[in-house]
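Keep in mind that this is a model prediction, so the values were computed, not measured. All heavy atoms count here, side chains included; hydrogens, waters and symmetry mates do not.
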Amino acid sequence: MKRQRLVLIGNGMAGVRTLEELLKLAPDLYEISVFGAEPHPNYNRILLSPVLAGEKGFEEIVLNGRDWYEENGIRLHTGDPVVAIDRARRRIKTLSGIEAEYDRLLIATGSSPFIIPVPGADLEGVIGFRDIRDVELMLAAARRYKKAVVIGGGLLGLEAANGLMKQGMEVTVVHLLDSLMERQLDKAASAMLKTSLEQRGMDFRMEAQTAAILGDGRVAGIRFKDGSEIAADLVVMAVGIRPNVELAQGAGLYCERGIVVDDTLQTYDPSIYALGECVQHRGQCYGLVAPLFEQAKVCANHLAGLGYGRYTGSVTATKLKVTGIDLFSAGDFQGGEGSEEILLRDPAGGVYKKLWIRGDRVAGAVLYGNTIDGAWYFQLMREGRDITGIRDRLLFGEAHLGDSGHGGESKAAAMADEAQVCDCNGVCKGDIVKAITTKGLFTLDEVKAHTKAAASCGSCTGLVEQILATTLGSDYSAPELKPLCKCTDSTHDQVRAAIRDLRLTSLPAIFETLAWRRADGCPVCRPALNYYLIATWPKEARDDPQSRFVNERVHGNIQKDGSFSVIPRLWGGRTTPAELRAIADAAERFNVGEVHITGGQRINLLGLDKEQLPAIWEFLGDRGLVSGHAYGKALRTVKTCVGSTWCRFGTQDSTGMGIELERMTWGSWMPHKFKMAVSGCPRNCAEATIKDFGVVAIDSGWELHVGGNGGVKVRATDLLCRVKSPEEVKEHCAAFIQLYREEARYLERTAPWLERVGLPYIKQRLLENQVGRKALAKRFHESQRIAQQDPWRERAEGKEAHEFEPLKRVGGTA
Amino acid sequence: MKNQWIEIGRIEDIPRQGSRVVKTPIEDIAVFRTADDGIYAIRNRCPHKGGPLSEGIVFGATVACPLHNWCLDLKSGQAVAPDEGTVPTYPVQVENGLVYLDLSQIERAA
Ligand code: SRM
Ligand SMILES: Cc1cc2nc3c(=O)[nH]c(=O)nc-3n(C[C@H](O)[C@H](O)[C@H](O)COP(=O)(O)OP(=O)(O)OC[C@H]3O[C@@H](n4cnc5c(N)ncnc54)[C@H](O)[C@@H]3O)c2cc1C
Ligand code: SF4
Ligand code: FES
């Protein structure tokens, strides 16, 4: 088949990133040509600042050398701008006269520095700060001349000023307003920044409007509106950027400030896509790379013909790249209605931190002097995390949350090399740092694979990420959105949406539709996808045992020696002499290695061979005992206390309630394990307030609690509500479980899920929306009709028999 | 050393992306069937801490050990980098839907 032709105009960061993403998805779909105005292959524009400051060389900032284009069969034309697009004939033309035809056109022409239209703006020595050529001109000027003026006290202007100062020039920054970086900083932080730059020798003219640039041939000075003048041998204009839209406009594409694109990065011409700084999306033009990279993913998705990616806009964060000055800003800090501020200000210590909170979420952050927690605030912001529970400690940073799950960077940096980071696998900080530096690791996944740190229970993940960040310094950028696994770029939420919206009901359908990189997935994605399928389409999707972890496949817990354990259900933690006798008889007859009372009010029979399982299950089943699902991402135990039947303080029949809840919910598959408890009074002997769903009986009814767990990172529940009748308890329980089943990510227990989406959201879905609650409960009961089959009974009767028998015995095996 | 082919069962007896065990007096052998019906036999003991590889999740021609997730290549028996270790592999053949295993190497190992 003849390949389609894709032409990229603009050999910059956004365009080439899109090609990289596209090649990952559909390496052979297109014959690709690239046209770039600059004479260079693709380089990292961001790093022009360190190049100007003399901290890096040009060759260090090349992202894709010419060999990359060659290896991928891409035809590259450099130093030759495209001057016309003929949409009717689908053809472009360059300055030198080359013509090329396209089936798909990608415009990524970036933007240009805005040059203030004052007299003298065209003099020699007046430049912008955008590309390698500008940097070369600045470096040349620094060798010959003394005085530089930078117009514009924004991010770019200050980085230019800093670089020129490092090159030995005397630099004056001219700014129209009274505070620097006014788009990223509030006044206080801006003043601190100015002081510290002044201490380094930078000079400022604030609230100064340039009226004319003076000189004859070459620039000699600047005159301001008030008539005053200063001398200058070099003027760098950094007052803003302008999307490069002329080419697109000339071709009749609809443009406003930028080329207007939709959520698929398509322009008004369906065969033309555009992205990067030249576009305008939902009214926004971006001037940072993070949004462009998100756009690139989506754009590649559509160019590859997959058609499901959506770009919905980005939240951005900035860091000033002036060595020695720590400054971070993200989100919206203009305040406005309903917005509150949390402030820490220590001028003597040179630290300033301010957070803007709106609707219990972080809306903006400005950090000066100590930016360690910038990434963390940014993450809270992007995830829209409810911060009610950590608000009092929020400003002190992640390290002060006081839980073992996260560790602050200060902690990571201060740790000794021999301090243990991963307590499961015994990995020390030194091991991690060494692996990062000697093996050139950049991502959490790589560190996990090489050192095993954070590869087991995961509680040290935060700390490992911090070590990665401190070790790599500015080379580290935390991934924007974490893909589900290495087989895909899609996140859990995107995959789930696709399963639902595109009615995908089998693993092969997902792999095919979402262009999975490995034909049959991997051990990370398959269990997750299998769960999403059966939870979304309980009737249509077929459970795939081969995509389940061994415990769920064989309905027992595998032990370190390869034997299995058997934990029957003891409903609501109550048992009878007959049940105990059955368990005792089973233990003797099957010669179990150990009998253990579990932490969940049940009895564990350990050390059974896989081959023995169906027989012991049959034995127990004949005596009325069924699987306790102690092995599953499923409903586990419902612990209870004796309650009003016996206890002198009991207010309700907690045991009865526990049994009813367990009868209602057993057998349901969940994103993670799910535990419940019912206590008969607020003394709470059943520990209901560290369960996924906890019930505490009170005199007037029942108190319902959600989102707790013991274990790695203990979390006490949040109070959901109080209800009167047992029916209401059950309805809320079913609805809560169903909401969790439908919306949490696989392996996300209720506690982290609740922290992510926030208690108000859960209340809104379960309490304010009563119709919605009933509908959730109804969906739960529907899926339970299919799920409530005792897996032990089925296997005792012969289901999946192959699972429990050897294929063959050879020779005299015992 | 002469080959010692023995018939161990039909290909359908092993689930796709799954494994069954052949027990011998010396050791257990895990026989795998991949999604595209490749058949491979390796010792059923993970080089890490002896986990039963037959219980792992199979993807491509790789199995992930059920105990601590090491991944082993079914063709070579090598642990997938960065893990290091090897598990012995045994020759298998499929003829008319019947699977044959060559046990001469275990004999030698014995
Ligand atoms: C058997 C049991 C220990 C015992 O002998 O008492 C047990 C055994 C295991 N627990 Fe547990 N947990 C047991 C009660 C608990 C409890 C107590 C409880 O349920 O009230 C907790 C704390 C409460 C909680 O979950 O919030 C508990 C918190 C954990 C955790 C940490 C969970 C967390 O969210 O942080 C893990 C790790 C995990 O799931 O990722 C875990 C994992 C495990 C695993 C599955 C580890 C594994 O993958 O092999 C152990 C399986 C052993 C086996 O093969 O049987 N177990 N585990 C208990 C079985 C209870 C039951 O009747 O079903
Ligand atoms: C000095 C500096 C520092 C920066 N620092 C940061 C930072 O710290 N963090 C951050 O997130 N962002 C930073 N940025 C912004 C970032 O570099 C841009 O957002 C990003 O490069 C935009 O990518 P793009 O592909 O849209 O445009 P570009 O990378 O500019 O690529 C567009 C390319 O198209 C070419 N072109 C234009 N018209 C034509 C035509 N008609 N025919 C052919 N080719 C054409 C241009 O020559 C250019 O090479 C910085 C920018 C600069 C200049
Ligand atoms: S605490 Fe749980 S996971 Fe840890 S050893 Fe005990 S049973 Fe196993
Ligand atoms: S025993 Fe196989 S990974 Fe540990």
Residue pair B:Asp83 / A:Ala449: nearest heavy atoms and the distance that separates them = OD1-O, 4.5 Å
key: Contacts with chain B made by residues 795-808 of chain A (heavy-atom distance under 4.5 Å), listed by residue number   = A:His802, A:Glu803, A:Glu805, A:Pro806, A:Leu807, A:Lys808
remark   = Honestly, the part of B:Asp36 sitting under 4.5 Å from a heavy atom of chain A is neither
note = Of the listed B:Ile6, B:Val99, B:Val58, the one with the largest count of heavy-atom pairs under 4.5 Å with chain A is B:Val58
ask   = Where does B:Ile14 contact chain A at under 4.5 Å (heavy atoms): side chain, backbone, both or neither?
value = side chain
request  = Using non-hydrogen atoms and a 4.5 Å limit, figure out which bit of B:Pro66 sits close to chain A: side chain, backbone, both or neither.
outcome  = both
task = Scan for side-chain hydrogen bond (donor to acceptor under 3.5 Å, both in side chains) pairs involving residues 9-21 of chain B, sequence neighbours excluded, and state none if there are none.
result = A:Asp520-B:Gln17, B:Arg10-B:Glu12, B:Arg16-B:Asp37
note = Cut-off 4.5 Å, heavy atoms of chain B, and the answer for A:Asp561 is neither
Evaluation steps, side chain to side chain contact (heavy atoms under 4.5 Å, CB included), between A:Gln546 and B:Ile57 = CA-CA 7 Å; A:Gln546 302 314 132; B:Ile57 291 184; over 6 Å; no
note = Honestly, the part of A:Arg553 sitting under 4.5 Å from a heavy atom of chain B is side chain
key: With B:Thr86 via side-chain contact (heavy atoms from CB on, under 4.5 Å) - residues at least two apart   = B:Gln78
message = Can you tell me which of B:Val80, B:Val22, B:Val31 forms the most heavy-atom pairs within a distance under 4.5 Å of chain A?
response = B:Val22
inquiry  = For the CD atom on B:Glu27, are there more than 12 heavy atoms of other groups (residues, nucleotides or ligands in this structure) within a distance under 6.0 Å?
reply    = yes
message = One pair to check against side chain to side chain contact (heavy atoms under 4.5 Å, CB included): B:His68 and A:Lys560. What are the steps and the verdict?
response = CA-CA 10 Å; B:His68 317 96; A:Lys560 60 188 286 187; over 6 Å; no
note = Listed by number, the residues in residues 521-530 of chain A that come under 4.5 Å of chain B (heavy atom to heavy atom) are A:Gly521, A:Cys522, A:Pro523, A:Arg526, A:Pro527
ask   = Would you say A:Glu611 has more than 12 foreign heavy atoms packed within less than 6.0 Å of its CD?
value = yes
ask   = Between B:Glu55 and A:Phe549, is any pair of side-chain heavy atoms under 4.5 Å apart?
value = no
key: Within 6.0 Å of NZ in A:Lys24, more than 12 heavy atoms from elsewhere   = yes
task = Go through the atoms of B:Ser54 and report whether side chain, backbone, both or neither lie under 4.5 Å from a heavy atom of chain A.
result = backbone
